[in-house]
Amino acid sequence: MIRFLWQVAATASLFACSHAQSETSSSYYTSPTIYPSPNTTGIGWDGALEKAQSFLGQLNLTEKVYIVTGVRGPCVGNIAPIPRLNFTGLCLQDGPAAIRVADYASVFPAGITTAATWDKTLFYQRAAAMGQEFKDKGAHVILAPVAGPLGRVALGGRNWEGFSPDPYLTGSAFALSVEGMQSVGAQACGKHYIGNEQETQRNPTVNGEGETILAISSNIDDRTMHELYLWPFADAVKSGMASVMCSYNRINQTYGCENSKLLNGVLKEELGFQGYVMSDWGATHSGLPAINGGLDMDMPGSSFGSQTLSFFGGNITAAVQNGSLPESRLDDMVLRIMTPYYFLGQDSYPSVDGSSADLNGYNPATSNYSFTLGTDKSRDVRGGHAQLIHDIAAQGTVLLKNENATLPLKSPKRIGVFGNDAADLVTGLYNTNNLNYAGAPGYDIGTLAVGGGSGAGRFTTLISPLEAIKRRAYAEGAIVEYVLDNKVAIQSGGRGGGLGPPTGKISPKPDVCLVFLKTYVTEGYDRLNYEADWNSTQLVANITSFCNNTVVITHSGGINTMPWAENENVTAILAAHLPGEQSGNSIVSVLWGDVNPSGHLPYTIALNESDYNTKIVNQTNTNDTDPNAWQDNFSEGLFIDYRHFDQAGIEPLYEFGFGLSYTTFNISDLSISATTNASLTQLPGDTAIQPGGNPELYAVLATVSVTVSNTGEVAGAAVPQLYVSFPSGSVPEGTPVRVLRGFEKRQLAPGASEAVQFMLTRRDLSYWDVVSQQWSLPSNGSATVQAGWSSRDLPLEGELALTIEG
Ligand SMILES: *C1O[C@H](CO)[C@@H](O)[C@H](O)[C@H]1NC(C)=O
Ligand SMILES: *[C@@H]1O[C@H](CO)[C@@H](O)[C@H](O)[C@H]1NC(C)=O
Ligand SMILES: *[C@@H]1O[C@H](CO)[C@@H](O)[C@H](O)[C@H]1NC(C)=O
Ligand SMILES: *[C@@H]1O[C@H](CO)[C@@H](O)[C@H](O)[C@H]1NC(C)=O
Ligand SMILES: *[C@@H]1O[C@H](CO)[C@@H](O)[C@H](O)[C@H]1NC(C)=O
Ligand SMILES: *[C@@H]1O[C@H](CO)[C@@H](O)[C@H](O)[C@H]1NC(C)=O
Ligand SMILES: *[C@@H]1O[C@H](CO)[C@@H](O)[C@H](O)[C@H]1NC(C)=O
Ligand SMILES: *[C@@H]1O[C@H](CO)[C@@H](O)[C@H](O)[C@H]1NC(C)=O
Ligand SMILES: *[C@@H]1O[C@H](CO)[C@@H](O)[C@H](O)[C@H]1NC(C)=O
Ligand SMILES: *[C@@H]1O[C@H](CO)[C@@H](O)[C@H](O)[C@H]1NC(C)=O
Ligand SMILES: *[C@@H]1O[C@H](CO)[C@@H](O)[C@H](O)[C@H]1NC(C)=O
Ligand SMILES: *[C@@H]1O[C@H](CO)[C@@H](O)[C@H](O)[C@H]1NC(C)=O
């Protein structure tokens, strides 16, 4: 059904293009308008709405407008102080892996690394530690976490900032991140809402004739929206997320920050979101349409890019005065912003660190607003987080291959280290500015521990792989030989050339060769290649030509193909993702076995890049005359990542959920029990909306338990996973073969066993029914439940039969 409609749409658009430009837009999905913007009722934030109302009652019109319009100040985003009310303003700072604009702060493992741990405790602990650093620097609002992009396209340039293309895994990490950040009193701003799945043309451009070419439109059908892209946002709203950032792109032709269907209809009404929607920087394209469409705060509010003034500010004052905007809407915007502020106790909060102002190039002396900065500049907020960062990075490292137990290393005496990614940074500790990026893969010599753009972080400390390996080797009396410049390693040639022993740059012959590869990622650009950068495949070929014990380690902001994976001399592969500041220490822990790897892939690694079905849309230089030319039809529906590989029957190289260990595990004793014998209605009852949506969606309908045991010689952490297959025939066409619906992580001593329980909620067992506009259980309630170690390794299977009212 859905697929058929898509074909019609595509055909119609081709027709329209060749005949009349004005008809182009009508052949694509469009968004309906949903007005008015619902008022907050402060549910879940007891007592705080009253405080916000009392504050609102003291504001004059100009001051209300201050609260909703950003100004220039010491932080990346700022709301002006109102000194007469002792309100010191709001400080908003990037980003998802670190407080970016700060010194003496930690750089944490990226979202993708965190997802690869599959560890809910670490999801929360990382966020709580980050939240504490933001708070200690005086930042009220964290511009994180990220669930958009979800990771629809393997080459998406910002996938690493978020977690996984699986909405269940991302939903868990996103919601626990919100809870962790807010547990210490900082506000989380979940982003980017929604459909921001590529960087290319995420913003409008101006062509040679001065005509505006609109930003890309992500055209997403209703079911796909609910079951993939919206799913994690529902989880985070349920967790009390203070703020949501609307995205740069259009959705069904309408800009993210004025899409009333998505902001008013879906986020505030269906999901019961009580907080405020802020724009991405410069993503506001109108005043009243955006405000009526559900936007509550304009950022950065003043000069940004080509925008010199805000659509908010004085325009709102004028609109209220001339009656075109009801003041009650402005009041609701203020209440939505101030309620989480009071709920989290931010009326008593640390002052903004003066070093933030310096790093943002802000001079308080020349400001119209009286921001008060802390006098204790450059506060050290790292709070001993290095150990946690080390742990997450080690746990987020995925062991993909380990022939004949090459790893952990057995006290090698001669260690070879190769590749530009092993080296310390040589171009500064803050690589946020898309260094050398014009399709080129970032900076050359230096390890990749975090990506670029607003998701970057300034390193106060960075431990490179080479540094940590040398320290370890010295302690064990081993020698380390290295060639870090890929060009030199490649040009030297292999055996008999200038690199390999006995006559080359490397001699004696290493017992083990550690090859470090990297794949740069940064906001603003999508990736161009699936393989790791800097001639990585050739580098591996050169090293393996003389080294029959080559371990390849990747530091990558996304999916890589690995054409060298089956090379006989590549004995082990570790996908170490973006580990943050303790990079070297964490990889040494895994290589030498201090940490038994327990990471699992949060995405699928294909054998061939052509196996991926979703691509970056790129119209650059192909048509810059049609303002509406950039259209991205999400015509694959629910079939992204492993759902596509399962549906199309494609064998991956390493599947979603896969990861090896230095020990072995067994899984047994699957048992399934419904929580009620009573028959269930197919649709949830008509219960008042709470944050997260209809509360009945989260009622547990069944529990599944399994027993996991460590059958090997060393301690290790098992990651049992639960997948559900819906009864075909009782669900609409376009339903995936199986979907992740549970995972846990358990540390087990050798010989130890533990029972693990998974809870299946009504939403977990439902599909989004576009007709009733509800989550619906299949009419025949018999689902297949599978448990195991990855999306393709599921030794246990059972049936879950629910009785559905006829
Ligand atoms: C190593 O690289 C050089 C230079 O590109 C190439 O000529 C040589 O064939 C490579 N050696 C192997 C074994 O791949
Ligand atoms: C986009 O259009 C599709 C097709 O009409 C529809 O199913 C979906 O709900 C629309 N989404 C939005 C946000 O307008
Ligand atoms: C919001 O509340 C105000 C009263 O404060 C009311 O006038 C307005 O109609 C309400 N708006 C909606 C959408 O319910
Ligand atoms: C509103 O309050 C501000 C001070 O916060 C003051 O500058 C301004 O004149 C006031 N406006 C009105 C209309 O009273
Ligand atoms: C502002 O703070 C001062 C000093 O603590 C206090 O005297 C005053 O009442 C406060 N004003 C408001 C409006 O809360
Ligand atoms: C109001 O919005 C318009 C664009 O519609 C903009 O040109 C103008 O500068 C804005 N005014 C203020 C005071 O921000
Ligand atoms: C692994 O061990 C087996 C048996 O000793 C041997 O045949 C094989 O060549 C080894 N493979 C590697 C990659 O060392
Ligand atoms: C898009 O196309 C342009 C022009 O051919 C090219 O320069 C750019 O690298 C492409 N971008 C991506 C992400 O493919
Ligand atoms: C890859 O190697 C070729 C020569 O074989 C060189 O021209 C190119 O610049 C290298 N690319 C990178 C990214 O190192
Ligand atoms: C593997 O290493 C051996 C040397 O130990 C070499 O003879 C062989 O050609 C290498 N194989 C590959 C595929 O490079
Ligand atoms: C690697 O080559 C050495 C000889 O240089 C040999 O002793 C060793 O067994 C080989 N290892 C593997 C894994 O083939
Ligand atoms: C570009 O788009 C315009 C308007 O739709 C169309 O007339 C023209 O043929 C297109 N050009 C190319 C090269 O696709």
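Note that ligands are numbered from 1 as they come in the structure, with each ligand's atoms numbered from 1 the same way.
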Fill in: side-chain contact (heavy atoms from CB on, under 4.5 Å) evaluation trace for W281 with L143
CA-CA 11 Å; W281 269 228; L143 303 175; 3.7 Å; yes
Discussion item. Set out, in order, the CA-CA distance, both residues' side-chain angles and the distance that settles side-chain contact (heavy atoms from CB on, under 4.5 Å) for R158 and K191, then state yes or no.
Written reply: CA-CA 12 Å; R158 290 184 93 172; K191 62 190 192 175; 4.1 Å; yes
Worksheet item: Please walk me through it: do I67 and M333 pass side-chain contact (heavy atoms from CB on, under 4.5 Å)?
Response: CA-CA 8 Å; I67 300 291; M333 294 157 75; over 6 Å; no
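The D222 neighbourhood of ligand 2 comprises atoms 6 (C), 7 (O), 8 (C), 9 (O), with distances under 4.0 Å to a heavy atom of that residue. For ligand 2, the atoms closer than 4.0 angstrom to any heavy atom of S31 are 12 (C), 13 (C), 14 (O). Counting the atoms of ligand 3 from 1 in the order shown, those under 4.0 Å from a heavy atom of S37 are 13 (C). Taking every heavy atom of D221 and a limit of under 4.0 angstrom, the matching atoms of ligand 2 come to 7 (O). Remark: ligand 3 atoms within the under-4.0 Å shell around heavy atoms of N39 are 1 (C), 2 (O), 3 (C), 8 (C), 10 (C), 11 (N), 12 (C), 14 (O). Atoms of ligand 2 found under 4.0 Å from any heavy atom of Y29, numbered from 1 in the order shown, are 1 (C), 2 (O), 3 (C), 4 (C). Listed by number with element, the atoms of ligand 2 under 4.0 Å from a non-hydrogen atom of I220 are 1 (C), 3 (C), 8 (C), 10 (C), 11 (N). Proximity to P32 (heavy-atom distance under 4.0 Å) selects the following atoms of ligand 2: 14 (O).
The shortest N/O to N/O separation between N252 and ligand 2 falls below 3.5 Å.
Residues T735 and L638 have side chains not in contact (no heavy-atom distance under 4.5 Å, counting atoms from C-beta outward).
By the definition of a contact as any protein heavy atom under 4.0 Å away, atom 2 (O) of ligand 4 is in contact. Within the 4.0 Å cut-off (strictly below), a protein heavy atom is located near atom 11 (N) of ligand 3.
One finds a salt bridge joining R329 and D332 here, because a Lys/Arg side-chain nitrogen approaches an Asp/Glu carboxylate oxygen to under 4.0 Å. Between E636 and R643, no side-chain nitrogen of the basic residue sits less than 4.0 Å from a carboxylate oxygen of the acidic one, so the salt-bridge criterion is not met.
At a heavy-atom distance under 4.0 Å, only backbone atoms of T30 (N, CA, C or O) approach ligand 2. With a 4.0 Å heavy-atom cut-off, ligand 2 is reached by the side chain of L262 but not by its N, CA, C or O.
Other residues, nucleotides and ligands place more than 12 heavy atoms under 6.0 Å from the CG atom of N322.
R223 and Y767 make their closest contact through NH2-CB, 3.7 Å (heavy atoms, listed as atom of the first residue, atom of the second, distance).
The closest heavy-atom contact to atom 5 (O) of ligand 4, among the options K64, R84, E63, comes from E63.
For the side-chain contact (heavy atoms from CB on, under 4.5 Å) test with S776, the passing option among T681, L683, L765 is L683; the others fail. The side-chain contact (heavy atoms from CB on, under 4.5 Å) with M278 is formed by just one residue from the set D296, V141, I79; it is V141.
In terms of protein heavy atoms, atom 14 (O) of ligand 4 is closest to N60 ND2, 3.3 Å.
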